[in-house]
Structure formats: structure tokens, C-alpha cells
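Take a look at the structure set out below.
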2 protein chains.
Amino acid sequence: MMSATSFTGVSHTPKAVLVDRTNCLHALFSKQPAEYLVAGQSLFFEGDDANHVFEVLDGTLRIFRIISDGRRVITGFLDAGDVIGVSLREHYLYSAEAITPSTVRRLPRRYFDSAVASNDELRPEVFAQVCDEMAAAQDQMVLLSCKSAEERLCSFLLKYLKRTIGPSERPATIELPMSRQDMADYLGLTIETVSRTVTKLTTKGVLSFENPGMRHSIRIERQGMLAQLAGDGDEYGDPRRDLIVYGERRRH
Amino acid sequence: MMSATSFTGVSHTPKAVLVDRTNCLHALFSKQPAEYLVAGQSLFFEGDDANHVFEVLDGTLRIFRIISDGRRVITGFLDAGDVIGVSLREHYLYSAEAITPSTVRRLPRRYFDSAVASNDELRPEVFAQVCDEMAAAQDQMVLLSCKSAEERLCSFLLKYLKRTIGPSERPATIELPMSRQDMADYLGLTIETVSRTVTKLTTKGVLSFENPGMRHSIRIERQGMLAQLAGDGDEYGDPRRDLIVYGERRRH
DNA sequence: CGGTCAATTGATGTAGTTCAAGGTTAGTGG
DNA sequence: CCACTAACCTTGAACTACATCAATTGACCG
């Protein structure tokens, strides 16, 4: 029952060409028809029966929860290559919406589960996926627990920077598909604070904009400084390692 | 290779007697010797090679990360029945320490992995474990993103309340094994704020203390009010459901 | 051009942090 | 038994980072 074909020429071939080994997770989806979402379109809602697992082929989605007073918490962004809904049981824990026009493929959960259960090559890949998801959640918790607005924004930009290009290329430009409001809801800030922090980083010379109109493409002028300001503590040449200094621990 | 025995009378039988079906996750650990930890003792450190998976038999542990400036972020507490280290790859993402005197059993990761891979009854259980972990992480992100100090504390107490007793028993008492500092580091607050919020809830009549000395055993006087103040929006009789009111969304 | 929507900027408010000072309990050693 | 120290928790006063409220700008569009 396993998809053993590779790169079957489905009519709608998306822009993002992913690695296509036989028996990899991507191959599992490759037989399914592509589905197109317009910007803002929902894929599923929090609380729905979790009947499908999705692979993102193109575009960016946001996953989020709406809490009682109407506020929105974005728990993650998903890009080409990401898989949605692996670590779920009965119901979706969050809603998923396209930010940009996006392409996805879906697989019935029961099919996905049995395929993974019966395939020794697939299982580690799914496991790795879940581990990454968990690690990302941990990082986000640290970010939300401790970091200042500036640190949050810098961490966010740094993550996108690492994702988009290799660590070379001096004045690198990153394209943020999401709005300021999305960023705010992801970073646990308000839109105003995000905006103010962006301008502060601009005046510091960390960022710049090609032309003032394109507020979603950000040029990183000083990668090193960005990493410093992100405050993850593991940037270049941290001399002490596994020498944990307990002691003064204050501030939140 | 699978442990097919059930309830082998190992010399060190812990206090907490867990369900012991054949082939369940607990049975997998049951052959291993019990290890005892004194309060404050470390089980492993963030960054160590993740060579073992642990089952907690008794006591409470904290898992946490120390960030660059010395602050500590507690990402979870673990009690009897919990398993540590499933969703990890190369290295531990956090340190683990006993809060109270604790008992654990350990299993080499490679043994654990192969046992889970080859056993169709074990896999869903591990999967469920990971899903719960993920769901908890999501909830924590929401808590840290949006909630006020009072909401955070109430959510925390409510979780402990649900865990310890059935939803009956009017003036229920919960035993918190961790210090105020632990609570603060878990809730993304300072110790002072936790302390102040506890007293505020006391004056509101939500909580009380048997005698002022025992600050770790808290009597919940008004469960309903606690649930209200936790602000999860899903407590008793929320009339509107799947009628999501978009619109005014502010505050953080 | 008016209308809408996203982003920015300014002015003000406040929840929670920070700094500092008790207070309580428990352990230790005279 | 009582001083003596050390955790741990609580309380008070002042400060600050961020939220909130409100107004402005700029881009896009029929």
C-alpha cells in the first residue's frame, strides 16, 4: 500500500521542488492532488476532528488559537516542506489558515498512521518531525517567558534569516510573508510594540528597507548584532561552555 | 526481546502503584532497578547525550533550561507515571532535577526505541504521550503569551486540582511540591508576583491555608471562581460555542 | 478623489518587575 | 534551651517596559 513511486508527474507541480527519495514522507503525499488556498483561507479549525494530515508544498500558513476574550495566539508558521497535524489525536488543537496563496496536499489520518506504522523508513522521519516541533515549542516557551520585545523580534528575524539563506551573504534580505499583527500574535506583543521595535532596530542600523513601501522585505545589515540582540547566548565564541554559573538569577 | 512479564516482584516496589497491563509502557520499565533521587538532585543536564528514557515512579521533578543571563525557565513538572525524554533526538533539550525525593527507572534509549518500533501496542501509547506533551506545550504558550499573573496562577492551580482529585470534594486541598521560585520560573513571573497573587487570591476567598506555616498545601475554597479567574473560557456553561466572534481583539 | 487597510508614531496608563526590608521556619551548635 | 544562620516567603515603594488609546501616514483601488 505504500507509495513507491518517485516524482510522479502530477498535473499541478508546485514551485517548491522537494527532495523526493522513495519512501520518504514527501513521497507519501505525492500521489495526492494539490489543493490551492487563497490568502486568508482556512484549512481547518481548532476543535475539528483531526481527520487529515497535510503537507505544505508552497506558501505560508499560520496555526493559531483564539482565546476566550477574542485574542489570537499564533503558535507557529508553516512553510513549504512542513507537515501539519502529526502530533494530534482526536481533534485539531489549533486552526490553520493560509497567509499567502498556498498549496497543500492532504492524506487521511488513518492512512497516514498505518503507512507510518508499517514502514521502517518513514517512522524515523515522522519522529524527527515531532522532535523538531517539540524543540520549537520549547524555544518559544523560553522566548515568551523571558525575552524583551527586542530580543523576541531579533530571535524571530534570526530564525528567518537562518532559514532563508546560508550564513554567508552580507546584506541578506529576508521576505516576511506575514503581517505585523501576525508577528505580534506570534511573539506575544502588540502590533504597536512590533512596529516600534522595528524602527528602533532600523535606527540602530541592524535593519533597513529597500524602499519604504516594501515593509515585508527586510534587509539585515548587521547579522552579528542581530544575533547579539536575540540574546540566545550561544552566538559566536561564547568562551564558557558546560560551566554553568548558578548564582545571581533575577529579572524575568 | 519484548518484556512480556507483568508485575515482576522487583525488590524496590515504589509507593505509587501504576496500572500494569502486559506490554504497556510501564511494563517496559518494570524490570529496571529503581533509582532514588534526593531533593535537588539532577537526573541529567541540558546538552547531555540523550542516552536514556526515564519513567517517574514517585516524587516530582522539574525540567528546565538556564538561559544566557542566568535566568531559569521551567518548561514542565513531572510526576509519578510520567515518562521523560521520549521526544528527543541527539541531546537533552533541558535539565531535569528532583524537587522532592523521587524514584525513577531508566531504559537505554536504543532499547526503548527498538522496543517501541517492534511493538504495536506500545507505539500508540508512546504516541499518546508525545501528543499530550505537545498539547501541554501549546497551552503553556497560550498562558505565557496572553495571561495575566492571576490567570496564570489560577490556571496552574486548576491543573493541579484536576490532577489530584475528582471534580467533587468541595474544599479540596492540593499539595504543591515545588517552591514559589519554581512556580515563578514556570509561569514566567517573579517570585514576588507569585507571592502577591497568592495573597490576593486568599483575600478574595478563593484559597486558604490550614495553618500559615504550611504554604505548600493550599485549600481551594471556591473551585468555580478559580476556574473563572483562570480564564480558559471553556468552563461551565459557556453558551456560545463554535460561534467565534472575531472583531475586537486587543490587549496582550 | 474618497475609502479602506496596514503600519507608524505619539501620549498616557499600568501590570509586573526591581530593589529593599522584614518575617517565619527549620536546622545547628554552644 | 537559646542564639545564629540560612532558606523561603511575604510585603512595601519605586520604576519601567510594554499595553492601551488615539491620531497620522502611506499604499492600493474601484
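Treat the numbers as computed from the prediction; the structure is a model and nothing was measured. Reminder, nothing fancy here: chain letters follow the sequence lines and each chain counts from 1.
The nearest whole Å value for the distance from the CZ atom in B:Arg71 to the P atom in C:dT17 is 11 Å. Straight-line distance from the CG atom of B:Leu187 to the C1' atom of C:dA15: 16 Å, rounded to whole Å. Residue A:Asn211 contributes atom CG, which lies 14 Å from atom C1' of C:dA7 at whole-angstrom precision. Rounded to an integer number of Å, the gap from NZ of B:Lys147 to P of D:dC18 is 22 Å. Following rounding to the nearest Å, B:Lys200 (NZ) and D:dT11 (P) show an atom-to-atom distance of 13 Å. Taking atom CG of residue B:Leu189 and atom P of nucleotide C:dT18, one finds them 11 Å apart after rounding to whole Å. Rounded to whole Å, the distance from CG on B:Asp185 to P on C:dT17 is 11 Å.
Applying the side chain to side chain donor-acceptor pair (under 3.5 Å) test to B:Thr197 and every residue at least two apart in sequence or in another chain returns nothing. Residues forming a side chain to side chain donor-acceptor pair (under 3.5 Å) with B:His216 (at least two apart in sequence, or on another chain): none. Evaluation of the ring-ring contact (aromatic ring centres under 6.0 Å, His included) rule for A:Phe44 yields A:Phe54, A:Tyr92 as partners, not counting sequence neighbours. In terms of the salt bridge (charged side-chain N to carboxylate O under 4.0 Å, His left out) criterion, residue partners of B:Arg65 (sequence neighbours excluded) are, by chain and number, A:Asp139, B:Glu46. By the side chain to side chain donor-acceptor pair (under 3.5 Å) test, B:Ser155 is found to be paired with B:Lys147, residues two or more places apart in sequence or in another chain being considered.
Within the structure, ring-ring contact (aromatic ring centres under 6.0 Å, His included) pairs that include any residue of residues 133-158 of chain A comprise A:Phe156-A:Tyr160, A:Phe156-A:Tyr186 (at least two apart or interchain). Sorted by first and then second residue, the salt bridge (Lys or Arg N to Asp or Glu O under 4.0 Å) pairs involving residues 34-45 of chain B (not counting sequence neighbours) are B:Glu35-B:Arg106.
Looking at A:Ser217 and A:Glu210, their side chains never bring a donor and an acceptor atom within 3.5 Å of each other.
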Contacts under 3.5 Å, N or O only, protein and nucleotides 6-10 of chain D:
from, atom 1, to, atom 2, distance (Å)
D:dC9, OP1, B:Arg180, N, 3.3
D:dC9, OP1, B:His216, NE2, 3.0
D:dC9, OP2, B:Arg180, N, 3.2
D:dT10, OP1, B:Arg180, NH2, 3.4
D:dT10, OP1, B:Arg215, NE, 3.0
D:dT10, OP1, B:Arg215, NH2, 2.6
D:dT10, OP2, B:Arg180, NE, 2.9
D:dT10, OP2, B:Ser195, OG, 2.7
D:dT10, O5', B:Ser195, OG, 2.9

Subject >> Footprint string (nucleotides 25-30 of chain D, 5' to 3'): B base within contact, S backbone only, - free, heavy atoms under 4.0 Å >> reply: ------
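Ion pairing between a basic and an acidic side chain is recognised when a charged N comes within 4.0 Å of a carboxylate O; A:Arg152 and A:Glu150 show no such pairing.
Regarding contacts with the backbone of C:dG16, every side-chain N or O of B:Thr190 stays at 4.0 angstrom or more from both OP1 and OP2.
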